[in-house]
Amino acid sequence: MEEENQLVQIRLQKLQQLRELGLDPFAIERYETTHTLDAVQEQFEALENQTVSVAGRIVAIRKMGKATFAHLMDTTGKLQIYLKADEMGERYDLIDLWDLGDYLGVKGFVFRTRTGEITVHVQEFTLLAKAVRPVPFPKEKGDQRWYELHDVEQRYRQRYLDLLLNPDSRQRLLARCRIVSEMRRFLDAEGFIEVETPVLQPMAGGAAARPFVTYHNALDREFQLRIALELYLKRLLIGGIDKVYEIGRVFRNEGISTRHNPEFTMMELYQAYANLEDIMDLVERMFRTIAERVFGRTTFELHGVQIDLAKPWERIRLMDAIQQHTGLTEADFETLERAVLSAEKVGIHVERKDTIGGIIEKVLEKCVAEHLQQPTFIYGFPIDTSPLAKREPNNPRFTRRFEGYLFGKEVANAFSELNDPLEQRDRFEQQYALRQAGDEEAHPYDEDFLIAMEHGMPPAGGLGVGIDRMAMLLTGAESIRDVIFFPQMREG
RNA sequence: GAGCCGGUAGCUCAGCGGUAGAGCAACGGACUUUUAAUCCGUGGGUCGAGGGUUCAAAUCCCUCCCGGCUCACCA
């Protein structure tokens, strides 16, 4: 702590004075409260003139000589308190040792002031903890606030300040928590079992991404941090857990942007005996239920676009969507040469490592996605970018895979899962060839997983949802950092 | 990785070659129902870091650090 900071010095001196008076706030362990701050407001009729005991942080003080008003804040809200000098005796002078940000417990009776504000008339108080560093609480009047914490860097690095000072940030981040919690509740009610699978993996698979690598001393070997949940959840499906899901952190060693954080949260689920259409229905139900429970509505607006999650999602075949928005047809992607030409025709830069499927997905991202504002399932993904999905029976270049889009952004990815171990082996071999050709993000060849599948995997539908992006879309966040409490930052 | 913008008091910002400013917060004083309380007064800064140009740099130039946005990369 920088000793020279005058504001800190003054607060430390106040702490010292409190200690000399035998009122060390940091010696306090508990404080008995009867009500939360919003409960006092809500139950005013019953509580008027009754004694209550409440606690919170001091967020405003107005001392007017022999009378003082202050506001306390807790998780639930704010409440005004009132102190009178002639009732407090010499204890009244202790108010001078309070600062914004300190924690205060008070006991007193509830009344309404002349101007109508519900207030606790304090008879006893205890300073419960001191903020020795200033907390810049803003001035407030109604919904207006002055001098908020604007500095974006500080809001991310010192999120506790952002949460205290910016109600919008607080609501957005708490909404994310509730989305996760309601997703659990929904899936549990649907009969899914929640599990936990390894984060440290010998070989991170299940997605196309570069992993973080770490080292285990005792085993003297490297491990990778997982990039997806898929392959271990499928092992559990093989193990007889017919409806299984996990909500967990995955790690991808890639760039940071407004839509990418190196660690983010995925929900993946697998349901035996279910196919792609069953999963589409599940996604519709899940998004609708979460919206209703977290936000109390199914309509959302972003950048002027309105959507309603109570309505069924549109279902469009990928190649039809591409044709609709670019005029390119399936024949235009028949061979790699034609696919490259077609992509360049619509202004897409193709890399050497791109496969036909990779090019098709680029066309989807660059030319089609922005048009998928309304809830939409795009299905029929190319085989070479979907090595874990079943083939379409009459169109073997494509798979039984869909992505769900909201506001032009992908929020869900699902397949009828490939359960043929012979074909899975072939698919891994194709990925291996891509890797040999220089594609660092090709799926790894996971022999242990193949052996598991050879023991028999049921037909199943699977789903992955990026929780962070889902939270962004439902809360209208522009950056993924606004829905992650502690986003990744460079060393400051 | 590239381009643009930014970093000045605890917070929000102004100043953009001539001795560092405002509001809020803090400190002292007045004030017994205030609520952006009010009124009077006071203190507070390595102007992101380092180098350069200049009689003189927060200000101009260079390098670096941190952040934001856009693009690239990436589910």
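For the pair A:Arg114 and B:U34, the criterion of a side-chain N or O lying under 4.0 Å from OP1 or OP2 is met. Close to B:A25, at under 4.0 Å from its OP1 or OP2, lies a side-chain N or O of A:Lys139. The shortest distance between the side-chain N/O atoms of A:Arg490 and the OP1/OP2 oxygens of B:G67 is below 4.0 Å. Between A:Arg62 and B:U34 there is no side-chain N or O to OP1 or OP2 distance below 4.0 Å. At B:U38, none of the side-chain N or O atoms of A:Lys63 fall inside 4.0 Å of OP1 or OP2 (strictly under the cut-off). Neither OP1 nor OP2 of B:C74 sits under 4.0 Å from any side-chain N or O of A:Arg259.
A salt bridge links A:Arg401 with A:Glu403: at least one charged nitrogen is closer than 4.0 Å to a carboxylate oxygen. Between A:Lys362 and A:Asp354, at least one side-chain nitrogen of the basic residue sits less than 4.0 Å from a carboxylate oxygen of the acidic one, meeting the salt-bridge criterion. Salt bridge A:Lys78/A:Glu117: absent, no basic N to carboxylate O contact under 4.0 Å. For A:Arg427 and A:Asp384, the salt-bridge test fails: no basic side-chain N is under 4.0 Å from an acidic carboxylate O. Taking 4.0 Å as the cut-off between side-chain N and carboxylate O, A:Glu440 and A:Arg210 count as a salt-bridged pair.
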Do any N or O atoms of the protein come closer than 3.5 Å to N or O atoms of nucleotides 42-45 of chain B, and which pairs are they?
from	atom 1	to	atom 2	distance (Å)
B:G44	O4'	A:Gln6	NE2	2.9

Can you tabulate the close N/O pairs, meaning under 3.5 Å, that link protein atoms to atoms of nucleotides 12-14 of chain B?
from	atom 1	to	atom 2	distance (Å)
B:U12	OP1	A:His150	N	3.3
B:U12	OP1	A:Asp151	N	3.0
B:U12	O3'	A:His150	ND1	3.0

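Put simply, the side chain of A:Glu117 and the base of B:U33 share no donor and acceptor less than 3.5 Å apart.
Checked by atom type, the side-chain pair A:Thr197/A:Arg235 shows no donor-acceptor distance below 3.5 Å. Defined by atom type and a distance below 3.5 Å, a donor-acceptor pair is present between the side-chain atoms of A:Asp482 and A:Tyr156.
Map A:Pro136 and A:Phe381 each onto its nearest nucleotide of RNA chain B; the residue landing nearer the 5' end is A:Pro136. Comparing A:His71 and A:Gly65, the nucleotide of RNA chain B nearest to each residue sits closer to the 5' end for A:Gly65.
The CG atom of A:Asn261 sits 12.0 Å away from atom CD of A:Glu254, with the distance rounded to the nearest 0.5 Å.
When both distances must be under 3.5 Å, the Watson-Crick or G-U wobble mate of B:U32 does not exist. In a base pair of the Watson-Crick type (N1 to N3 plus N6-O4 or O6-N4) or a G-U wobble (N1-O2 and O6-N3), with each distance short of 3.5 Å, B:C47 is matched with no nucleotide. For B:C24, the paired base is B:G10 (Watson-Crick or G-U wobble, both distances below 3.5 Å). Nucleotide B:G18 has B:C55 as its partner under the Watson-Crick or G-U criteria, with both atom distances under 3.5 Å. Using N1 to N3 plus N6-O4 or O6-N4 for Watson-Crick, or N1-O2 and O6-N3 for G-U wobble, each under 3.5 Å, B:G67 pairs with B:C5.
Here, B:C60 and B:C16 have their P atoms 10 Å apart, quoted to the whole Å. With both ends at atom C1', the span from B:A9 to B:A58 equals 14 Å, rounded to whole Å. Comparing B:C4 with B:G18, their C1' atoms sit 32 Å apart, to the nearest whole Å.
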Walk me through whether A:Glu148 and A:Arg155 qualify under salt bridge (Lys or Arg N to Asp or Glu O under 4.0 Å).
CA-CA 11 Å; A:Glu148 283 189 346; A:Arg155 292 206 296 115; over 6 Å; no
Q: Kindly determine whether A:Trp313 and A:Tyr405 satisfy ring pair (Phe, Tyr, Trp, His ring centres under 6.0 Å), including the steps that lead there.
A: CA-CA 9 Å; A:Trp313 297 33; A:Tyr405 282 82; 9.5 Å; no
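Distances from the side chain of A:Met64 to the nucleotides B:G67, B:A26, B:U33 place B:U33 closest. Side-chain proximity of A:His260 to B:G67, B:C27, B:C73: nearest is B:C73.
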